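Residue numbers start from 1 in every chain, and the chains themselves are labelled A, B, ... in the order their sequence lines are given, proteins ahead of strands. The structure displayed is predicted, hence computed values, not measured ones.
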Amino acid sequence: MRGLKQTLTVATVGDEKPLRLAVRRILRKYRVDVSEVGVTAAYHPTHFTSGEQFLESVAGGADFDLLLLDLELPGISGLDVLTELDQRNRSVLTIMIISSATFETAVRATKLGAFDFLLKPFSPEELRHAVRKATDQLVMSREARRLTEEQRQVRFNFISTLAHELKAPLNAIENYLRILQMDEPPERLPMIDRSLIRLDGMRKLILELLDLTRIESGQMQRSFALVDVRTPAWAAIDLFAAGAADREIAMALRATDPVEMMADPAELEMVFNNLISNAVKYNRDGGDVTVTVSREGDIVTITVADTGIGMTPEESAKLFTEFVRIKNKDTDKILGTGLGLSTIRKLARLYGGDATVQSEKGVGSLFTVTLRDAVPREAAQGDGVPHGAANDELS
Amino acid sequence: MPKILIVDDDPDMVEAGRIVLEREGYTVESASNMVDGLRTLEENHPDLLILDVMMEEADDGLILARQIRRRGHNLPVLMLTSVNRVMGLNIDKHLEIVPVDEFVEKPVDPATLLEKVRALLAGREGRHANH
């Protein structure tokens, strides 16, 4: 059965005319059914006589689904082309055409992301076979990506609806409790206080769940600017200063020079608020919280160290998983949602970095977040970013 | 004593507001949607409006606020909502788009609510003189 037709653009890069003509003739009439996802692929071949010519076309915005790349080219080699594509983050599913299957070349090409090889001279059947394999790979992986994306959207829509439905009753309950608080006899006030604290925890859980799914689904409004990373660090330290002072916890930021990066200030705030609030929450009375920010080359590193209860390696290992809270006698009085760190890791990965922890039970924990510039420095604020829903809402 | 209209689709939000405001001596009217809200406002001429945003539709409160201004009512409006935190937006008062006098995120504790109401009602005197 024929499925939905999809035309794949195929670039052939090689300076041998018979090869280019053969590819064109064979691919024009060729169809591949990927029956698993109901797609029939057809091909639109384009030709380039050199790697330079091809790269120029890519730089000009041309997009190809499939690349048939001769290793031996008049100017730069096929491997150079692959390297360039990789560096520009424009990788294309590639079939390398080679004249002798030297082990070394094959390994290098594979490392650079080549999907398959064709040994010259090849028969039409060999070409079709390679193209069929590549098409399966391409169509299936696109379908998988689409499904994952769709799943994220469904999850986001579900959770944002749920969050609104849950927030409204919480607000109503809180209002009544606050009214009761005004004239309740003193012996009952602690119960109202606890109820309000638990209510607040529930609200935080809902909001953090929303943040998390918003980040996952790409629905986050992001606006990038050149930020001195020390600024959100100071803000977060200020925010938790009173709570820390109550327990005689000393907080310090170690960074004398500006540490600049392209980032969304609100997202950096989220990172610091989360890490510093944890560092205070899980610290011992009279302990220390030490924050550092630094930049080395492309990578901005944030560390937050505490002198708190620490964790065993087993506990550390599962810390960044959604809804995981380390439960033991040291933590049973501490409220939390188990979402903060998993959100921080997702955020860090959006920036091409990561979030990790080193910890020793009873000694303390060191959280490290690495980030890269979200956009190149010269990019204008908000450029290339999905526009905020606020504008739609109000237009 | 001044008359206050609460427009909110959550009956408990209305009720809690009513308890707090009535014990201070204010008269409280209420409506649970945009259409009833506008009608009650034009029939009863309240001195202050407390307005929710997300009712039947997510932006009903904003639309109602704009309608009220277009129809020439200049009473102070206190917008009380959780729209920003829930929708991940950053809405604030704005002369044309969100024509309200105060924009407060829910929940607001009774003392703060009363404080805002008193301040807005006090400001109303000056506003009348200008109109």
Side-chain angles (χ1 to χ4, degrees), chain A residues 156-157 159-184 192-193 196 199-200 202-223 264-267 270 386-395, chain B residues 6 8-24 28 32 50 52-63 65-66 79-100 103-115:
Chain A
F156 172 71
N157 293 340
I159 288 178
S160 45
T161 308
L162 187 70
H164 184 236
E165 296 304 319
L166 289 177
K167 266 207 80 184
L170 289 188
N171 287 340
I173 295 168
E174 171 152 357
N175 273 337
Y176 285 129
L177 284 173
R178 294 235 179 248
I179 294 168
L180 287 177
Q181 206 178 24
M182 286 162 43
D183 33 36
E184 198 64 24
I192 294 183
D193 284 346
L196 285 167
L199 210 57
D200 199 47
M202 211 149 130
R203 183 177 291 118
K204 276 203 187 102
L205 172 66
I206 293 167
L207 292 173
E208 284 180 13
L209 195 57
L210 258 178
D211 283 342
L212 183 75
T213 46
R214 209 172 268 141
I215 290 167
E216 266 182 4
S217 68
Q219 293 265 345
M220 191 99 156
Q221 287 183 66
R222 309 179 76 196
S223 69
D264 183 324
E267 292 172 0
M270 212 186 265
H387 283 292
N391 302 327
D392 305 331
E393 183 79 21
L394 297 178
S395 57
Chain B
I6 305 178
D8 196 314
D9 64 338
D10 185 330
D12 283 310
M13 295 306 291
V14 173
E15 189 54 27
R18 185 193 300 280
I19 294 169
V20 172
L21 293 168
E22 280 183 352
R23 60 201 270 168
E24 294 297 306
V28 176
S32 60
I50 297 178
D52 182 28
V53 175
M54 301 169 84
M55 291 184 279
E56 282 160 353
E57 299 292 333
D59 58 352
D60 274 1
L62 302 177
I63 293 173
R66 276 173 251 164
M79 187 157 263
L80 209 58
T81 177
S82 48
V83 67
N84 282 341
R85 294 304 306 268
V86 169
M87 307 283 282
L89 303 179
N90 194 17
I91 298 177
D92 201 351
K93 57 186 175 181
H94 179 285
L95 198 58
E96 276 119 40
I97 300 170
V98 192
V100 302
F103 193 99
V104 182
E105 282 281 311
K106 280 178 187 174
V108 52
D109 69 277
T112 313
L113 177 67
L114 286 172
E115 191 184 302

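Here OG1 of B:Thr112 is found 8.5 Å from CZ of A:Arg178. Values are rounded to the nearest 0.5 Å. Expressed to the nearest 0.5 Å, how far CG of B:Asp12 lies from CG of A:Asn171 amounts to 11.0 Å. Going from atom NZ of B:Lys106 over to atom NZ of A:Lys167 covers 9.0 Å, rounded to the nearest 0.5 Å.
Contact record, A:Asn175 with B:Val108: OD1-O, 3.5 Å, taken as the closest heavy-atom pair.
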Side chain to side chain contact (heavy atoms under 4.5 Å, CB included) between B:Arg23 and A:Asp183, intermediate numbers included: CA-CA 12 Å; B:Arg23 60 201 270 168; A:Asp183 33 36; 2.7 Å; yes
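Heavy-atom distances place the side chain of B:Asp10, and not its backbone, under 4.5 Å from chain A.
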